[in-house]
Q: 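Sending over a structure as structure tokens; questions will come in a sec.
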Amino acid sequence: MWNRELETISRKDLEALQTKKLKTAMEAAAKTTYYSGVFRENGIDPAKITTLDHLKDLPFATKNDLRLSYPDGMVAVPRSEIVRMHASSGTTGKSTVIFYTMNDINAWADLLARSMVATGTTRDDVFQNMMGYGLFTGGLGLHYGAERLGCMVIPSASGNSIRQIQLMQDFGTTVIHITPSYALHLVEEIRNRGIDPRGLKVKKAYLGAEPYSEATRDKIQDQWDMEAYNSYGLSELNGPGVAFDCAHRCGMHLWEDCYYMEVINPETGERLPEGEEGELVLTHLNREAMPMLRYRTRDLTRVIPEPCKCGRTHRRIERIKGRTDDMFIIGGVNVFPSQIETVLMDVPEVGNNYQIVLEREGGLDRIHIKVELRSEMFQGDLRDLDRLKKRIVEQLRSLIVVTARIELLEPGSLPPSTGKAVRVVDNRKI
Ligand code: AMP
Ligand code: ZN
């Protein structure tokens, strides 16, 4: 373990620690224009915080609040204390900006080193970081964590598959950090060059930055012959390192000494009982430059209340099902892209890329799914393709109750993804 005392702390001590930290976090927040206004309007005095329950009186913060307080309405320290900024990749709408002091950067790197150790990575590993460097937090976030741990870091950044493959081969990369969609694309590029991906030294991948299904994880693990670990974070709360799979890969430990979590009903804002699925709301418990209290992540998950076999006491969250703003409604039915992905990736003939296109024809919503198949599928009988199409339509219908139009494509037909994939194209607004 990276920090045995903190990672296996008793729930009682953890709560006491969280309460103490919450008070400090709220005092820091009071120094910002945004929170001082919120505290005043809601009659909140940070000096009087004695339990975590006091947080309930505080209204949620949203991405829009961040945008409205741009550029420094949420900053709690003088400009001279700030050593770095990042920006969200703009999963939805305009990006938002996050600032860090040196202590914030160090605490963040520590959480990532802790996360990597939880997966069994050591200083002997060669870590190739295939996430975007720059304003996006995915690159530099893991980079600093891996260096802290002592790995040899290859900051290859995203894209340029030929160079990625060469680096993996020449330097014996053992751990990669990559989006699931790029992992699926890259493995095809590897095979297209006549290289057996299973023969590479890569034994672990950290997959994050976008929602994906368990079936996709299985597929990636199988094609690369490695273990894939789920990594969750968002720039508003630092970036990656909020929650991470441990060696058991059965839900991500959310680092509760740094983040206080709540799960709410996204429609009513009510806090849900432990274990129920809803929207994750996070409070950062020790950030200096940019305190963040009760931030609505828009991400849907549930807490897994049972203790983990690894002995860490920080509770786990289930893989993110999607974002509340990802969901689309087709013919009156709520659909998450992850549900469609689960069906597709469970079909053995399906390849590594797909796209969901929403259209309106004659006033009716239609869903059109473009699916790449494995190349062998185009060598046999065309009637097989027809049967396969029918099977996919049926499986989708039983799950999402709508009839989709399926288009089967050869590998490489759809635009490849090297970063966050664009899975849904909604043409209905035009
Ligand atoms: P950004 O702030 O641009 O890094 O984007 C953060 C968002 O990416 C999160 O709020 C999630 O919606 C998504 N995300 C990050 N990691 C994961 C993950 N492991 N699984 C699903 N979604 C993720
Ligand atoms: Zn565990």
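Just the heavy atoms: all of them, side chains too, but no hydrogens, waters or symmetry mates, feed the values below. Atoms within each ligand, like the ligands themselves, are counted from 1 in listed order.
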Q: Polar contacts were defined as any N/O atom of the residue lying under 3.5 Å from an N/O atom of the ligand; does this apply to Ile320 and ligand 1?
A: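 In fact, backbone or side chain, Ile320 has no N or O that close.
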
Q: With a 4.5 Å limit on heavy-atom distance, are the side chains of Cys308 and Cys250 in contact?
A: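 SC-SC contact between Cys308 and Cys250 confirmed.
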
Q: For His86, run the ring-ring contact (aromatic ring centres under 6.0 Å, His included) check against Tyr100, Phe136, Phe99 and tell me which one passes.
A: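 Exactly one candidate clears the test, Tyr100.
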
Q: Cut-off 3.5 Å, side chains only: do Glu81 and Thr101 have a donor facing an acceptor?
A: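 Distance-only check fails for Glu81 and Thr101.
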
Q: Using a distance-only test with no angle check, is there a side-chain donor-acceptor pair under 3.5 angstrom linking Tyr354 and Glu341?
A: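 A pair is found: one side chain offers a donor N or O, the other an acceptor, under 3.5 Å apart.
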
Q: Any idea which atoms of ligand 1 are less than 4.0 Å away from a heavy-atom of Phe136?
A: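 The atoms of ligand 1 under 4.0 Å from a heavy atom of Phe136 are 4 (O).
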
Q: Could you verify whether a donor N or O on one side chain and an acceptor N or O on the other, from Glu189 and Ser161, lie under 3.5 Å apart?
A: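 No pair is found: no donor N or O on one side chain lies under 3.5 Å from an acceptor on the other.
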
Q: Output a table of donor-acceptor pairs, distance under 3.5 Å, between side-chain atoms of residues 276-284 and any protein atom two or more places apart or on a different chain; print 'none' if there are none.
A:
unit_1 : atom_1 : unit_2 : atom_2 : d
Glu277 : OE2    : Lys321 : NZ     : 3.2
Glu279 : OE1    : Arg296 : NE     : 3.4
Glu279 : OE1    : Arg296 : NH2    : 2.7
Glu279 : OE2    : Arg296 : NE     : 3.0
Glu279 : OE2    : Arg298 : N      : 3.1
Thr283 : OG1    : Arg294 : N      : 2.9
His284 : ND1    : Asn286 : N      : 3.2
His284 : NE2    : Asn238 : ND2    : 3.4

Q: Under a 4.0 Å heavy-atom limit, does Glu210 contact ligand 1 with its side chain, its backbone, both, or neither?
A: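 Backbone only.
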
Q: Can you see whether Tyr206 engages Thr119 through a side-chain donor-acceptor pair at a distance of less than 3.5 angstrom?
A: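 Distance-only check passes for Tyr206 and Thr119.
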
Q: Is there at least one pair of N or O atoms, one from Asn230 and one from ligand 1, spaced under 3.5 Å apart?
A: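 Checking ligand 1 against Asn230, an N or O pair does fall under 3.5 Å apart.
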
Q: May I ask you to list the atoms of ligand 1 that are less than 4.0 angstrom from any heavy atom of Lys420?
A: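 Going through ligand 1 atom by atom, the ones under 4.0 Å from Lys420 are 1 (P), 3 (O), 4 (O), 5 (O), 6 (C), 7 (C), 8 (O).
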
Q: Taking the minimum heavy-atom distance to atom 19 (N) of ligand 1, which of Ser231, Ser235, Gly233 ranks first?
A: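 Among Ser231, Ser235, Gly233, the closest heavy atom to atom 19 (N) of ligand 1 belongs to Ser231.
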
Q: Under a 3.5 Å threshold, yes or no: a donor from one side chain and an acceptor from the other, between Gln223 and Asn352?
A: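 The answer is yes; a qualifying pair exists.
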
Q: Is any side-chain N of the basic residue among Lys63 and Asp325 closer than 4.0 Å to the acidic one's carboxylate O?
A: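 Asp325 and Lys63: not salt-bridged.
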
Q: If you draw a 6.0 Å radius around CZ in Arg11, do more than 12 non-hydrogen atoms from other residues or ligands fall strictly inside?
A: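 Yes.
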
Q: Have a look at ligand 1 and work out which part of Leu234, if any, has a heavy atom under 4.0 Å from it: side chain, backbone, both or neither.
A: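 For Leu234, backbone and side-chain atoms both sit under 4.0 Å from ligand 1.
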
Q: Can an N or O of Arg323 be found at a distance shorter than 3.5 Å from an N or O of ligand 1?
A: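 Yes, Arg323 has an N/O under 3.5 Å of an N/O on ligand 1.
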
Q: Less than 6.0 angstrom from the centroid, inside 45 degrees of the normal: does Arg84 satisfy that with respect to the ring of Tyr144?
A: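 Yes, Arg84 lies over the aromatic ring of Tyr144.
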
Q: Using a strict cut-off of 2.8 Å, how many protein N/O/S atoms surround the Zn ion (ligand 2)?
A: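 N, O or S atoms of the protein closer than 2.8 Å: 4.
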
Q: Need the ligand 1 atom indices (1-based, order shown) with element for anything under 4.0 Å from a heavy-atom of Gly208.
A: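 What qualifies from ligand 1 is 19 (N).
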
Q: Numbering the atoms of ligand 1 from 1, which are under 4.0 Å from a heavy atom of Tyr232?
A: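 Near Tyr232, meaning under 4.0 Å from one of its heavy atoms, ligand 1 has 16 (N), 17 (C), 19 (N).
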
